[in-house]
Enquirer: 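Mind looking over this structure? Questions follow.
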Amino acid sequence: MLTLATWNVNSIRTRLDHLGTWLETHPVDVLCLQETKVTDEQFPQAPWEALGYHCYISGQKAYNGVALLSRSPLTEVSRGFSPVLGSDGVGDLDDQKRVITAKLGDLRILNLYVPNGSSVDSDKYSYKLRWLATLRDYLATLLATETQIHICGDFNIAPGDRDIHDPQGKGNHVMATEPERQALQQILDLGFTDTFRQFTAEGGHFSWWDYRAGSFPRNKGWRIDHHYLSPPLADRARSCTIDAEPRYWEKPSDHAPVLLTLDQP
DNA sequence: ATGGCACATCGAATGTGA
């Protein structure tokens, strides 16, 4: 069984202890991290190498940042959209470090930190929609030559109302607006399956809870961290679960890790 | 409707997140 996890850690330097403790009890094969919030020069690699992980990183100062930790060496590591789409079609979208991908054997792993969007009337929201449209082009290009693609990360989108604790009146709330849901659907229409929903239909399962207003103890959360699989991989999925345990710990990330297990081919 | 909390950069207050 192959185990992969995604976790927005909200600063890897602030979460060293949490990440180390979690990896010791959940020695996943691949861990995809978002919001590392650190330059590549300052990224702490030693703690994970001591646990047997190889590190592949793409970060920047203060904001964003993604990383792959893998027990086996990965190949074909690339960062941003431009290695696939060319810099002409990408513009400034690669300035923010939100995309890293690599292969584990024949398995393509794509780790994403989708822009939040701030609010519907902001420039950040239009940036989010432009970013998602570019992601669709990126995946369409990849699918021309590859079939085994796993996408995961912080999507900052709740796909449906059952993915929000209180969906009423959220139609104008970033992460739940129709344009971003449609942008996500156009990506999934390339053939990707929401792995969590292969196994769990009911609502009440969330991966992010606001730090404020006691959201976590009240379970007022959103499911915005996802695993998506192309058809040959979807058939191999055996479980997809959210581990809320670290959210109880002292000074946690506001996101919980989401785990995926795949049957070996 | 608003704010609430956390993090990084700073060395006070602001930008950002979601």
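Lettering of chains follows the sequences in order, A, B, ..., and the numbering in each one begins at 1. Not measured: the values here are computed from a predicted model.
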Enquirer: Of the listed nucleotides (B:dG4, B:dA18, B:dA8), which one gets closest to any side-chain atom of A:N8?
Expert: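 The answer is B:dA18, which lies nearest to the side chain.
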Enquirer: Touch check for A:W222, heavy atoms < 4.0 angstrom, all strands: base, sugar-phosphate only, or nothing?
Expert: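 No contact.
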Enquirer: Using atom CD of A:Q34 as one end and atom C1' of B:dG17 as the other, report the distance to the nearest whole Å.
Expert: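 It is 14 Å, rounded to the nearest whole Å.
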Enquirer: Please give the distance between the C1' atoms of B:dG3 and B:dA18 as a whole number of Å.
Expert: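 Straight-line distance between the two C1' atoms is 14 Å.
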Enquirer: When the ring centroid of A:Y228 is compared with that of A:F155, is the distance short of 6.0 Å?
Expert: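 Ring centres of A:F155 and A:Y228 closer than 6.0 Å.
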Enquirer: Starting at atom CG of A:L16, determine the distance to atom C1' of B:dC7, rounded to an integer number of angstrom.
Expert: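 Rounding to the nearest Å, CG of A:L16 and C1' of B:dC7 are 14 Å apart.
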Enquirer: Checking all strands, does A:D154 fall into the base, sugar-phosphate, or nothing category for heavy-atom contacts under 4.0 angstrom?
Expert: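 Touches sugar-phosphate only.
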Enquirer: In terms of side-chain heavy atoms of A:Y211, which of B:dA18, B:dA8, B:dA6 is nearest?
Expert: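 Given the options B:dA18, B:dA8, B:dA6, the side chain of A:Y211 is closest to B:dA6.
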Enquirer: Looking only at non-hydrogen atoms, find the nearest pair between A:D225 and A:S207 and report the distance.
Expert: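 Closest approach of A:D225 to A:S207: OD1-OG, 2.6 Å.
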Enquirer: Taking atom C1' in both B:dA8 and B:dA12, compute the distance separating them and give it to the nearest angstrom.
Expert: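 One C1' to the other, the span is 14 Å.
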Enquirer: Rounded to the nearest angstrom, tell me the gap between atom OH in A:Y63 and atom P in B:dG17.
Expert: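 Rounding to the nearest Å, OH of A:Y63 and P of B:dG17 are 8 Å apart.
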Enquirer: Could you please name the option among B:dA18, B:dA8, B:dC7 that lies closest to any side-chain atom of A:A62?
Expert: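 Nearest to the side-chain atoms of A:A62, counting from C-beta on, is B:dA8.
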Enquirer: To the nearest angstrom, how far is A:R98 atom CZ from B:dA18 atom C1'?
Expert: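 Answer to the nearest Å: 12 Å.
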Enquirer: Side chains of A:Q198 and A:D194: any donor to acceptor distance under 3.5 Å?
Expert: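 Distance-only check fails for A:D194 and A:Q198.
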Enquirer: Check the distance between B:dA18's C1' and A:I157's CD1 and give it to me in whole angstrom.
Expert: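 Distance, rounded to whole Å: 12 Å.
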Enquirer: Short of 4.0 Å, heavy atom to strand atom, which residues of residues 110-126 of chain A count as contacting DNA chain B?
Expert: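 Within this stretch, A:Y113, A:N116, A:K124 sit under 4.0 Å of the strand.
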Enquirer: Name the residue from A:T261, A:T195, A:T3 that meets the side chain to side chain donor-acceptor pair (under 3.5 Å) definition with A:S239.
Expert: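 The side chain to side chain donor-acceptor pair (under 3.5 Å) with A:S239 is passed solely by A:T261 among A:T261, A:T195, A:T3.
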Enquirer: What about the rings of A:W209 and A:W222, do their centers lie closer together than 6.0 Å?
Expert: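 So the answer is no for these two rings.
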Enquirer: As a test of understanding, state which of A:R197, A:K170, A:R181 forms a salt bridge (charged side-chain N to carboxylate O under 4.0 Å, His left out) with A:D163.
Expert: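 Filter result, single survivor: A:R197.
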Enquirer: May I ask you to evaluate whether A:S253 reaches the phosphate of B:dA6, defined as a side-chain N or O under 4.0 Å from OP1 or OP2?
Expert: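 Answer is no, no contact under 4.0 Å.
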Enquirer: Between A:F196 and A:H226 (judged by ring centroids, cut-off 6.0 Å), do the two rings come close enough to count as a pair?
Expert: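 That pair fails the under 6.0 Å test.
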Enquirer: How many Å lie between CZ on A:R13 and P on B:dA8, as a whole number?
Expert: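 Answer to the nearest Å: 6 Å.
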Enquirer: Quote, to the nearest angstrom, the C1' distance that separates B:dC10 from B:dG4.
Expert: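 Their C1' atoms lie roughly 24 Å apart.
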Enquirer: Is there a side-chain polar atom (N or O) of A:N156 under 4.0 Å from OP1 or OP2 of B:dA18?
Expert: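 Yes, within the criterion.
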Enquirer: Going through the distances and angles, do A:D263 and A:R238 end up as a salt bridge (charged side-chain N to carboxylate O under 4.0 Å, His left out)?
Expert: CA-CA 6 Å; A:D263 227 352; A:R238 291 297 173 264; 2.9 Å; yes
Enquirer: Expressed in whole Å, how much space separates the C1' atoms belonging to B:dG15 and B:dA1?
Expert: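 Pairwise C1' distance, B:dG15 against B:dA1, rounds to 23 Å.
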Enquirer: How close or far is atom C1' of B:dA6 from atom CH2 of A:W249, stated in whole angstroms?
Expert: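 Checked: the CH2 to C1' distance equals 18 Å.
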Enquirer: What's the NE2-P distance between A:H226 and B:dA18, to the nearest Å?
Expert: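 Computing the A:H226:NE2 to B:dA18:P distance gives 12 Å.
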Enquirer: Phosphate oxygens OP1/OP2 of B:dG17: is one of them under 4.0 Å from a side-chain N or O of A:R212?
Expert: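 It does not, given that no N or O in the side chain of A:R212 lies less than 4.0 Å from OP1 or OP2 of B:dG17.
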Enquirer: Should the pair A:R247 and A:F216 be classed as cation-pi, given the thresholds of under 6.0 Å to the six-membered ring centre and 45° from the axis?
Expert: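 Judged by the rule (NZ or CZ under 6.0 Å from the ring centre, within 45° of its axis), A:R247 counts as positioned above A:F216.
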Enquirer: Please tell me if A:H255 has a side-chain N or O lying less than 4.0 Å from either OP1 or OP2 of B:dA18.
Expert: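 For B:dA18, OP1 or OP2 has a side-chain N or O of A:H255 closer than 4.0 Å.
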Enquirer: Tell me which of A:Q96 and A:A213 sits closer to the 5' end of DNA chain B, going by the nucleotide each one is nearest to.
Expert: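 Looking at DNA chain B, the more 5' nearest nucleotide goes with A:A213.
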Enquirer: Between B:dT9 and A:K37, is there an OP1 or OP2 to side-chain N/O distance shorter than 4.0 Å?
Expert: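 Answer no for this pair, as no side-chain N or O of A:K37 is under 4.0 Å from OP1 or OP2.
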Enquirer: Side chain of A:K61: nearest nucleotide among B:dC7, B:dA18, B:dT9?
Expert: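 From the listed options, B:dT9 comes nearest.
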